[in-house]
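Scroll down for the structure; my scribbles are underneath it.
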2 protein chains.
Amino acid sequence: MKKAALNPHLSVDCVIFGYNDHSLSVLLVDREMPPAEKANSTYKDLKLPGGLIYNDELLIDAAARILEELTTLQGVKLNQFGVLDSLDRLSNEADRKWLEQTTGLTIDRVVSIAYYGIVSMKDLPESIPSAHWVDINNLDKLPFDHEKIICEALNVLRQHFKKEGLIFDILPEKFTIHQLQSTLAVFYGEKADSRNFRKKIKKMDFIVPLEEKQQNVAHKPAQLYRYDKRRFRQFSNNRINF
Amino acid sequence: MKKAALNPHLSVDCVIFGYNDHSLSVLLVDREMPPAEKANSTYKDLKLPGGLIYNDELLIDAAARILEELTTLQGVKLNQFGVLDSLDRLSNEADRKWLEQTTGLTIDRVVSIAYYGIVSMKDLPESIPSAHWVDINNLDKLPFDHEKIICEALNVLRQHFKKEGLIFDILPEKFTIHQLQSTLAVFYGEKADSRNFRKKIKKMDFIVPLEEKQQNVAHKPAQLYRYDKRRFRQFSNNRINF
DNA sequence: CCAAAAGTGTTCGTTCTACACCCATGT
DNA sequence: ACATGGGTGTAGAACGAACACTTTTGG
């Protein structure tokens with residue numbers, strides 16, 4: 001029930017990372033094209049979820065809305081990380097026609113603002129209609145500059161883990177050091193020495209031990225910790241040492 | 001001689017830092033307003049140089065063009081660092097009218113992409129018509145969110161010094177360690193121990209000693225160095241230790 | 001001979017790295 | 001009893017911080 005019009009010059013694109021215990025994927029959506037065009041395209045018909053914004057809409061709200069429309073995902077925390085303004089983004093005639101057909105507008109120039117988000121694939125239904133998880137290491141050719149965007153998103157995301165404590169957004173409220181370490185490992189693709197890792201963590205006073213341990217696990221139950229955002233903001237002079 | 005139209009939805013803003021041996025300033029331009037409005041405004045009539053882009057223009061080209069139009073500065077290397085999309089950017093009626101009058105367009109929503117640049121004030125004419133250098137520590141109230149933008153620009157700039165070797169863009173091709181250190185000091189507002197600084201620098205093999213020394217200086221002539229971009233890209237695993 | 005910046009080493013504390021074994025629990 | 005992850009300590013290397021004096025040049 002939007003009153004404002006679509007803005008034919010501004011779009012958003014979303015890079016949604018999905019992780020589980022072992023792998024990291026990106027969410028891509030199907031692009032429907034007229035069959036004639038389909039034959040011509042050198043690309044797979046997968047793209048990042050994205051689209052035009054409304055004139056009375058914040059970019060981040062547009063990103064959330066479009067993500068929901070295309071993938072049904074809700075409540076994903078989105079972070080802006082880039083701007084795409086090259087003049088040849090629509091140089092593929094099929095791409096432009098597709099946009100004009102799906103929006104009903106005349107499109108000449110679209111600048112796109114890029115967002116990324118992270119979700120746990122385990123918390124989601126097995127499959128999402130008209131969307132697909134693609135492993136970060138198996139990306140095929142994608143339309144536009146979408147590969148570059150994804151790569152850039154991953155870099156920014158890793159920085160945000162360090163600078164903004166973003167990792168704690170995707171951990172449960174109570175977590176073990178092991179969980180923290182192996183979640184990080186998924187995003188960095190490597191696992192460091194766990195003794196040294198523990199030493200580091202214990203020095204970070206924004207990671208607070210609870211008076212509580214794991215229960216019902218088939219091994220020595222682990223100490224649980226929580227993340228104290230306030231202490232992080234105050235104390236840390238920026239940049240965690242992960 | 002542009003054929004394309006102004007894009008009423010997209011603008012750029014430029015934060016141009018000017019430095020000399022001792023201080024760091026930002027370039028602001030006068031904003032002409034009808035006298036009636038002028039009386040109402042709580043702001044000084046200074047703003048960041050910025051304006052709408054043309055539809056066939058890259059954002060960075062627009063930024064360079066607008067910077068030149070408003071300040072006559074040419075050839076400043078510009079770096080994108082932010083996006084401004086809040087809905088109340090034009091909630092000050094005077095601001096919106098000013099935009100509509102100067103562009104001749106109906107303006108409802110403008111998203112702005114922010115760029116920063118750095119120039120040596122010594123290399124420029126004493127005064128620039130209708131523009132002013134304002135010391136970074138003496139910023140008065142500015143329209144919109146321009147104060148926040150400037151602050152953000154400075155943070156990003158400091159990061160780019162470390163991550164992208166940006167500092168070497170503003171040093172002469174042949175420079176001394178002292179020059180490097182005191183230039184950094186202007187942007188960080190502090191100067192560290194020079195013995196330790198030298199030790200650090202000597203370990204960076206992308207800072208290469210030349211077979212050449214200063215001449216005609218009233219003190220022991222200093223070793224000159226150059227910056228080797230290729231070695232920096234290859235070797236440095238990102239982030240100089242300044 | 002003075003002013004001005006160049007250049008140089010050592011010590012001490014901190015942090016980083018590499019590395020191997022026993023512990024508590026559920027099945 | 002075994003499988004699973006939880007949890008611990010130490011030694012050596014690398015790094016960062018603090019610190020003061022001599023050198024070379026031009027004026």
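The sequence lines fix the lettering, A, B, ..., with proteins before strands; numbering per chain opens at 1. Computed from heavy atoms alone, side chains included, the values below leave out hydrogens, waters and symmetry copies.
Sequence order on DNA chain D of the closest nucleotides to A:Tyr225 and B:His219 puts A:Tyr225 first from the 5' end. Nearest-nucleotide mapping onto DNA chain D: of A:Pro221 and B:Ser194, the residue sitting toward the 5' end is A:Pro221.
The nearest whole Å value for the distance from the NZ atom in B:Lys213 to the P atom in C:dG7 is 6 Å. As rounded to whole Å, 17 Å separates atom P of C:dT15 from atom CD1 of A:Ile240. Counting to the nearest Å, the P atom of C:dT15 and the CG atom of A:Asn241 are 10 Å from each other. Between the CG atom of A:Leu224 and the C1' atom of D:dG6 there is a distance of 12 Å, rounded to whole Å. Separating the CZ atom of A:Arg195 from the C1' atom of C:dC19 is a distance of 5 Å, rounded to the nearest angstrom. Remark: C1' of C:dT8 and CD of B:Gln223 are 14 Å apart, rounded to the nearest angstrom. One atom, CG of A:Asp193, and another, C1' of C:dC16, lie 11 Å apart when rounded to the nearest Å.
A distance of 6.0 Å or more separates the ring centres of B:Phe242 and B:Phe161.
A cation-pi arrangement is not found for A:Arg158 relative to A:Phe187, the charged atom failing to lie both closer than 6.0 Å to the ring centre and inside a 45° cone about the ring normal.
As judged by a 4.0 angstrom heavy-atom cut-off over every strand, B:Lys202 is placed among residues touching the sugar-phosphate backbone only. Within the 4.0 angstrom heavy-atom criterion, no nucleotide atom of any strand lies near A:Gln214.
One finds no side-chain N or O of B:His178 lying less than 4.0 angstrom from the OP1 or OP2 phosphate oxygen of C:dA5.
Taking only distance into account, the side chain of A:Lys199 never meets the base of C:dT14 through a donor-acceptor pair shorter than 3.5 Å.
Without hydrogens or angle criteria, B:Lys200 side chain to B:Asn241 main chain gives a donor-acceptor distance under 3.5 Å.
Across A:Lys174, A:Gln223, A:Arg226, a single residue satisfies side chain to side chain donor-acceptor pair (under 3.5 Å) together with A:Glu212, and that is A:Lys174.
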